[in-house]
Undergrad: 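Handing you a structure now.
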Amino acid sequence: MPTAQPSFRRIVDDVAGKIKSGELKPGDKLPSTSQFAEMYGVSNNTVYRALAILHDRELIIGQQGRGTYVAERPGR
């Protein structure tokens, strides 16, 4: 019986998939932490963890006071 995927991993996979498919384009603004938490039914800490992973993968960038955006793709 497969174990349930951690909530933060579900967010990472979902957002990364949308970026790769082109549904989310470079420069697109992502929902706020609280909006993500509501969308996925998770805590803000879970969202922070997911966003940290996406940031480490250079898929998103945070702009202090402005929000989080899809990063420009390197080499494009």
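Quantities reported herein were computed from a predicted structural model and do not represent experimental measurements.
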Undergrad: Could you list the donor-acceptor pairs under 3.5 angstrom formed between side-chain atoms of residues 35-42 and any protein atom two or more places apart in sequence or on another chain?
TA:
residue	atom	partner	partner atom	Å
Gln35	OE1	Ser32	N	2.7
Gln35	OE1	Ser32	OG	3.3
Tyr40	OH	Asp14	OD2	2.3

Undergrad: Write down the atom of Ile61, the atom of Ala71, and the distance for their closest heavy-atom approach.
TA: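 Residues Ile61 and Ala71, closest heavy atoms: CG2-CB, 4.1 Å.
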Undergrad: When you group the ILVMFWY residues by side-chain heavy-atom contacts below 4.5 Å and let the links chain together, are Ile53 and Ile60 in the same group?
TA: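 Result: yes, single cluster for both.
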Undergrad: Could you tell me which residues satisfy side-chain contact (heavy atoms from CB on, under 4.5 Å) with Glu23, sequence neighbours excluded, listed by chain and number?
TA: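 Applying side-chain contact (heavy atoms from CB on, under 4.5 Å) to Glu23 gives Lys18, Ser21.
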Undergrad: With sequence neighbours left out, write down each residue that passes side-chain hydrogen bond (donor to acceptor under 3.5 Å, both in side chains) with Gln63, or none if nothing qualifies.
TA: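 Partners of Gln63 under the side-chain hydrogen bond (donor to acceptor under 3.5 Å, both in side chains) test: Arg66.
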Undergrad: Of all residues at least two apart in sequence or in a different chain, which pass the salt bridge (charged side-chain N to carboxylate O under 4.0 Å, His left out) check with Lys25?
TA: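 For Lys25, no residue satisfies salt bridge (charged side-chain N to carboxylate O under 4.0 Å, His left out) once neighbours in sequence are set aside.
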Undergrad: Listed by chain and number, what are the side-chain hydrogen bond (donor to acceptor under 3.5 Å, both in side chains) partners of Ser7, not counting sequence neighbours?
TA: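 side-chain hydrogen bond (donor to acceptor under 3.5 Å, both in side chains) check on Ser7 returns nothing, list empty.
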Undergrad: So how far is it from Leu59 CG to Lys20 NZ, rounded to the nearest 0.5 Å?
TA: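 Between Leu59 CG and Lys20 NZ, I get 5.5 Å after rounding to 0.5 Å.
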Undergrad: Nearest 0.5 Å please: distance from the CD atom of Glu58 over to the CD atom of Glu72.
TA: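 It is 13.0 Å, given to the nearest 0.5 Å.
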Undergrad: Using the test side-chain hydrogen bond (donor to acceptor under 3.5 Å, both in side chains), find all partners of Asp28 that sit at least two apart in sequence or belong to another chain.
TA: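 Partners of Asp28 by the side-chain hydrogen bond (donor to acceptor under 3.5 Å, both in side chains) criterion come out as none, since no residue qualifies.
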Undergrad: Rounded to the nearest 0.5 Å, what's the gap from CG on Leu51 to CG on Leu30? Could you check?
TA: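 So the gap between those two atoms works out to 7.5 Å.
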Undergrad: Tell me the closest heavy-atom pair linking Tyr69 and Gly27, and the distance in Å.
TA: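 Looking at all heavy atoms of both residues, the shortest contact is CD2-O, 3.3 Å.
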Undergrad: What distance separates Leu24 CG from Ile19 CD1, expressed to the nearest 0.5 Å?
TA: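 If we round to the nearest 0.5 Å, Leu24:CG and Ile19:CD1 are 6.0 Å apart.
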Undergrad: Nearest 0.5 Å, what's the OG1-CZ distance between Thr46 and Arg10?
TA: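 Reported to 0.5 Å precision, the distance equals 9.5 Å.
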